[in-house]
Amino acid sequence: MKIYEELQARGLIAQVTDEKEIRELVNNGKATFYIGFDPTADSLHVGHFMALCLMKRLQMAGNKPVVLLGGGTGMIGDPSGRTDMRTMMTPEIIQHNIECFKKQMARFIDFGEDKAIMVNNADWLLELNYIEMLREVGVHFSVNNMLRAECYKQRLEKGLSFFELNYMIMQSYDFYYLFKNYGCNMQFGGDDQWSNMLGGTELIRRKLGKDAYAMTITLLLNSEGNKMGKTAKGAVWLDADKTSPFEFYQYWRNVNDADVLKCIRMLTFLPLEQINEMDKWEGSQLNDAKEILAFELTKLIHGEEEAKNAQNASHALFVSGTDDSNMPSTEIKEELLVDGVINVLDLMVECGITKSKSEARRVVQQGGVLIDDVKVDSIDQNITKEQLKTGVKIRKGKKTYHKAFIN
RNA sequence: GGAGGAGUUCCCGAGUGGCCAAAGGGGGCAGACUGUAAAUCUGUUGGCAGUGCCUUCGGUGGUUCGAAUCCACCUUCCUCCA
């Protein structure tokens with residue numbers, strides 16, 4: 001099975017401009033393709049990860065990836081599929097985010113000798129001359145067409161500024177620029193990028209009379225139709241400081257039954273034969289599939305050792321309930337103790353398990369807090385210094401564990 | 001530039017002088033049931049204390065014994081006209 005067929009089998013391909021040509025180029029390692037990453041935060045997240053995986057797969061098949069960092073487009077912000085305008089970022093933040101992206105990407109993509117290129121569109125976008133740009137590029141865009149794009153639909157109801165409308169033109173210009181200067185003949189991206197990408201192929205055709213191709217990656221949606229990789233607290237980050245390997249592991253460990261196999265197929269590098277076997281699993285057996293998913297992904301992002309740690313911690317907590325070596329922990333300062341003790345509620349707030357004492361009180365009253373596996377039945381309960389010296393295991397609900405200790 | 005409408009708690013959204021820490025829904029959290037899943041049911045969802053206080057309805061002032069609610073100015077957004 002060749003790479004294009006494999007991508008298809010994994011369900012990664014959403015839309016393509018010319019299937020025959022793309023298959024031909026990709027399968028024979030003749031593609032130089034780019035994917036753009038706008039520096040919207042100081043860490044990559046799961047959505048980026050999919051794109052990076054795709055890059056890696058294609059790179060392994062002999063194609064040449066171009067990573068495009070959006071130092072210029074980030075100054076605008078892509079309005080596609082959004083209900084509100086993004087907050088404008090200062091150039092300093094953009095630069096900082098780019099640096100963070102670079103570090104994380106180097107883990108996945110081999111940038112060695114002519115194997116991959118990294119560019120920043122700030123290098124050409126920032127020095128564009130407005131009038132020249134309008135005359136050279138602007139003439140080729142029909143506002144009527146742009147507004148018809150599906151991705152602007154929501155924005156046409158709530159308002160879309162001229163500023164943001166230009167994003168599509170910038171992205172199209174990027175493709176044109178890379179085509180001309182780097183021989184980049186293909187662009188990949190999330191499915192929400194489809195219109196922007198078509199803008200690029202169209203521009204290349206009009207200006208140079210040549211064909212370039214675009215392909216989008218299926219958005220990773222759960223069975224309810226929501227984007228995956230988001231929690232109530234925000235995105236699931238790849239940066240260990242923003243989402244710890246344990247949290248990352250747990251996120252995937254807890255995906256819906258209906259979504260496990262899809263995730264394994266789309267996100268992991270496990271061979272398809274093995275995945276097809278797992279497809280037959282049902283009921284509680286899916287729990288094993290979830291473990292595999294969680295382990296494989298944690299391994300890809302944080303390395304094998306961290307993945308093992310996360311898995312051990314998870315087993316310890318949910319299966320045997322003994323080992324607490326990888327539990328998040330907080331050191332309690334001795335000044336916080338009054339008469340050698342600290343109140344449970346204060347302790348929980350101190351550890352960040354709850355946001356306020358009121359919240360802590362509620363959870364305790366609802367019977368959701370255990371200290372060293374013993375249910376706390378009074379909000380007046382105190383923890384002694386002696387207990388803290390050996391370390392206290394606090395459990396809130398089923399999934400939040402925390403260790404508090406004193407030195 | 002002109003005319004109208006809107007801004008409420010994490011989100012959506014009710015509330016047009018006291019009964020408002022503010023309906024309802026979503027989401028979150030906890031409990032039951034389970035497989036660390038889903039669905040379902042129950043409780044809870046500003047803060048600090050414990051039956052009272054403090055802060056909150058875009059912002060700043062004002063009217064009033066009392067303001068999310070009335071008035072003035074400012075601000076942001078939306079719709080229509082140019």
Side-chain angles (χ1 to χ4, degrees), chain A residues 79 82-88 152-164 221-228 230-236 244-264 278 281-295 297-298 310-324 326-328 338 343-346 348-371 373 375-381 393-402:
Chain A
R82 294 184 60 102
T83 46
D84 297 297
M85 190 170 122
R86 293 170 192 268
T87 21
M88 263 201 238
Y152 293 145
K153 246 195 178 142
Q154 294 184 61
R155 295 307 299 277
L156 287 179
E157 283 163 26
K158 286 204 79 177
L160 175 72
S161 62
F162 176 69
F163 168 72
E164 292 177 277
L221 300 177
N222 63 21
S223 45
E224 274 141 26
N226 300 319
K227 257 193 209 176
M228 291 198 70
K230 285 224 164 95
T231 66
K233 286 178 203 128
V236 175
S244 73
F246 179 73
E247 285 174 273
F248 185 85
Y249 180 93
Q250 283 299 322
Y251 177 84
W252 299 105
R253 178 62 186 76
N254 285 316
V255 298
N256 198 311
D257 278 14
D259 303 321
V260 201
L261 261 298
K262 182 164 70 186
C263 289
I264 291 183
M278 292 163 71
W281 294 2
E282 285 179 352
S284 54
Q285 202 180 5
L286 283 171
N287 261 333
D288 298 334
K290 289 181 195 178
E291 256 182 30
I292 294 172
L293 172 69
F295 182 78
L297 288 182
T298 313
Q311 187 154 52
N312 289 339
S314 165
H315 275 239
L317 292 172
F318 292 100
V319 185
S320 62
T322 47
D323 177 30
D324 57 5
N326 287 298
M327 208 179 281
V338 180
N343 178 263
V344 217
L345 306 183
D346 291 322
M348 288 201 287
V349 175
E350 199 54 37
C351 292
I353 297 176
T354 53
K355 284 197 290 288
S356 65
K357 280 182 80 173
S358 299
E359 188 184 338
R361 182 180 291 116
R362 268 177 238 123
V363 192
V364 169
Q365 283 167 344
Q366 287 173 124
V369 177
L370 284 82
I371 299 268
D373 300 314
K375 187 185 269 187
V376 176
D377 44 26
S378 159
I379 56 168
D380 298 319
Q381 189 162 323
K393 185 170 87 183
I394 312 167
R395 175 178 158 189
K396 188 196 79 158
K398 291 186 180 68
K399 291 174 194 166
T400 311
Y401 292 86
H402 204 97

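Just so it is clear: chains get the letters A, B, ... in the order the sequence lines come, proteins before strands, and each one is counted from 1. In this text the structure is predicted, and so the values were computed from the model without any measurement.
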Asker: Could you state the atom-to-atom distance from NZ of Lys399(A) to P of A37(B) in whole Å?
Answerer: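 After rounding, the gap between these two atoms is 4 Å.
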Asker: Counting distance only, does the side-chain N/O of Lys290(A) pair as donor-acceptor with the main-chain N or O of Val260(A) below 3.5 Å?
Answerer: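 Checking the backbone N and O of Val260(A) against the side chain of Lys290(A), no donor-acceptor pair under 3.5 Å is found.
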Asker: Within residues 351-358 of chain A, which residues have any heavy atom lying less than 4.0 Å from an atom of RNA chain B?
Answerer: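 Those residues whose heavy atoms fall under 4.0 Å from RNA chain B, taken from residues 351-358 of chain A in numerical order, are Ser356(A), Lys357(A), Ser358(A).
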Asker: Taking the minimum atom-to-atom distance to the side chain of Asp257(A), which one of G35(B), U34(B), A30(B) wins?
Answerer: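 From the listed options, G35(B) comes nearest.
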Asker: Indicate whether OP1 or OP2 belonging to G50(B) is found under 4.0 Å from a side-chain N or O atom of Arg361(A).
Answerer: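 It does not, given that no N or O in the side chain of Arg361(A) lies less than 4.0 Å from OP1 or OP2 of G50(B).
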Asker: Expressed in whole Å, how much space separates the C1' atoms belonging to A67(B) and A21(B)?
Answerer: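 Comparing C1' positions in A67(B) and A21(B) gives a spacing of 15 Å.
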Asker: Is there a donor and acceptor pair, one atom on the side chain of Gln366(A) and one on the base of G31(B), closer than 3.5 Å?
Answerer: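 Per atom types, no contact qualifies.
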Asker: Using a heavy-atom cut-off of 4.0 Å across all strands, would you classify Asn287(A) as base, sugar-phosphate, or nothing?
Answerer: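 Base: the residue Asn287(A), judged by heavy atoms under 4.0 Å, touches a nucleobase.
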Asker: Can any side-chain N or O of Arg253(A) pair as donor or acceptor with the backbone N or O of Val255(A) at less than 3.5 Å?
Answerer: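 Here the side-chain-to-backbone pair does not exist.
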Asker: Sticking with atom P, work out how far C11(B) lies from G52(B), rounded to a whole angstrom.
Answerer: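 Result for the P pair: 31 Å, nearest Å.
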Asker: If pairing requires Watson-Crick or G-U wobble contacts with both distances under 3.5 Å, which nucleotide is the partner of U40(B)?
Answerer: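 For U40(B), the partner nucleotide comes out as A32(B), under the 3.5 Å rule.
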Asker: Nearest to the side chain of Val363(A), heavy atoms from C-beta on, is which of A38(B), G35(B), C29(B)?
Answerer: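 Between A38(B), G35(B), C29(B), the one nearest the side chain of Val363(A) would be C29(B).
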Asker: May I ask which nucleotide in the shown strands pairs with C10(B), Watson-Crick or G-U wobble, both distances under 3.5 Å?
Answerer: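 Partner of C10(B): G26(B).
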Asker: In this structure, how many angstroms lie between the C1' atom of A37(B) and the CD atom of Glu282(A), rounded?
Answerer: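 Rounded to whole Å, this separation is 15 Å.
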Asker: Rounded to whole angstrom, note down the P distance from G66(B) over to G18(B).
Answerer: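 Rounded to whole Å, the distance is 14 Å.
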Asker: How far, in whole Å, is G24(B) from U45(B) if one measures between their P atoms?
Answerer: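 Roughly 12 Å separates the two P atoms.
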Asker: Specify the closest pair of heavy atoms between Tyr251(A) and Lys230(A), including all atoms of both residues, with the distance to one decimal.
Answerer: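 Result for this residue pair: OH-N, 3.6 Å.
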Asker: For G2(B) and U9(B), measure between their P atoms and round to the nearest Å.
Answerer: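 So the two P atoms sit 31 Å from each other.
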Asker: Please report, rounded to the nearest Å, how far the P atom of A38(B) is from the CZ atom of Arg253(A).
Answerer: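 Going from CZ in Arg253(A) over to P in A38(B) covers 11 Å.
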Asker: Please check if any side-chain donor atom of Ser244(A) sits under 3.5 Å from a side-chain acceptor atom of Glu247(A), or the reverse.
Answerer: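 A donor-acceptor contact under 3.5 Å links the two side chains.
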Asker: What's the CG-P distance between Asp346(A) and A49(B), to the nearest Å?
Answerer: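 The answer, rounded to whole Å, is 8 Å.
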Asker: Just how far is it from atom CH2 of Trp252(A) to atom SG of Cys263(A), taken to the nearest 0.5 Å?
Answerer: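 One gets 5.0 Å once the value is rounded to the nearest 0.5 Å.
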Asker: Please give me the minimum heavy-atom distance between Lys398(A) and Phe318(A), naming the atom from each residue.
Answerer: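 Here Lys398(A) and Phe318(A) meet closest at O-CE2, 3.3 Å.
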Asker: Taking the same atom, P, in C57(B) and in C65(B), what whole-Å distance lies between them?
Answerer: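 It comes out at 23 Å once rounded to the nearest Å.
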Asker: Starting from P on A38(B), measure out to CE on Met228(A) and report it in whole angstrom.
Answerer: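 Rounded to whole Å, this separation is 11 Å.
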Asker: Of the options A30(B), A38(B), C33(B), whose atoms approach the side-chain atoms of Thr400(A) most closely?
Answerer: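 Looking only at heavy atoms from C-beta outward on Thr400(A), the closest nucleotide is A30(B).
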Asker: Reckon Gln365(A) touches a base, only the sugar-phosphate, or nothing at all at heavy-atom distances under 4.0 Å?
Answerer: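 Here Gln365(A) touches the bases of the nucleic acid.
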Asker: In terms of the nearest nucleotide of RNA chain B, which residue is placed more toward the 5' end: Asn254(A) or Glu224(A)?
Answerer: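 Counting from the 5' end, the first nearest nucleotide belongs to Asn254(A).
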Asker: At 4.0 Å (heavy atoms only), tell me whether Arg362(A) reaches a base, stays on the sugar-phosphate, or touches nothing.
Answerer: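 It contacts sugar-phosphate atoms only.
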Asker: Checking base pairs now: Watson-Crick or wobble, both atom distances under 3.5 Å. What partners G4(B)?
Answerer: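 For G4(B), the partner nucleotide comes out as C78(B), under the 3.5 Å rule.
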Asker: How close do Thr231(A) and Val236(A) get, heavy atom to heavy atom, and via which atoms?
Answerer: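 Nearest heavy atoms, Thr231(A) then Val236(A): CG2-CG2, 4.0 Å.
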Asker: Quick one: does Lys396(A)'s side chain have a donor or acceptor within less than 3.5 Å of a partner on Ala360(A)'s backbone?
Answerer: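 Not confirmed, Lys396(A) side chain does not pair with Ala360(A) backbone.
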Asker: Please give the distance between the P atoms of C77(B) and A23(B) as a whole number of Å.
Answerer: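 My reading of the P atoms in C77(B) and A23(B) gives 30 Å.
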Asker: Starting from C1' on A39(B), measure out to CG on Asp259(A) and report it in whole angstrom.
Answerer: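 Asp259(A) atom CG is separated from A39(B) atom C1' by 15 Å.
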Asker: Rounded to the Å, how far apart are Glu291(A) CD and G35(B) C1'?
Answerer: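 About 11 Å, once rounded to whole Å.
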Asker: Of the listed nucleotides (A38(B), U36(B), U34(B)), which one gets closest to any side-chain atom of Asn256(A)?
Answerer: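 So the side chain of Asn256(A) is nearest to A38(B).
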Asker: Closest approach to the side chain of Lys398(A), judged atom by atom: which nucleotide of A39(B), U34(B), A37(B) is it?
Answerer: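 Of all the options, the side chain of Lys398(A) is nearest to U34(B).
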Asker: Mind checking Val260(A) for me? I need base, sugar-phosphate or nothing, with any heavy atom below 4.0 Å counting as a touch.
Answerer: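 Touches nothing.
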Asker: Compare every heavy atom of Met228(A) with every heavy atom of Leu221(A), then report the nearest pair and how far apart it is.
Answerer: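 Looks like C-CG, 3.9 Å.
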Asker: Which whole number of Å gives the distance between the P atom of G26(B) and that of C78(B)?
Answerer: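 30 Å, rounded to whole Å.
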Asker: Thinking salt bridges, do Lys393(A) and Asp373(A) make one under a 4.0 Å N-O criterion?
Answerer: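 Between Asp373(A) and Lys393(A) there is a salt bridge, with a charged N closer than 4.0 Å to a carboxylate O.
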Asker: Applying a 3.5 Å limit to both distances, which nucleotide forms a Watson-Crick or G-U wobble pair with U51(B)?
Answerer: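 Result: none.
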Asker: 5'-most contact on RNA chain B: Gln250(A) or Gly367(A), nearest heavy atom basis?
Answerer: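 Here Gly367(A) is the residue nearer the 5' end.
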Asker: Please name the nucleotide paired to C70(B) by Watson-Crick or G-U wobble geometry with both distances under 3.5 Å, or report none.
Answerer: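 Paired with C70(B), as far as the under-3.5 Å criterion goes, is G62(B).
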Asker: Can you check the Arg395(A) CZ to U36(B) C1' distance for me, whole Å?
Answerer: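 It is 10 Å, rounded to the nearest whole Å.
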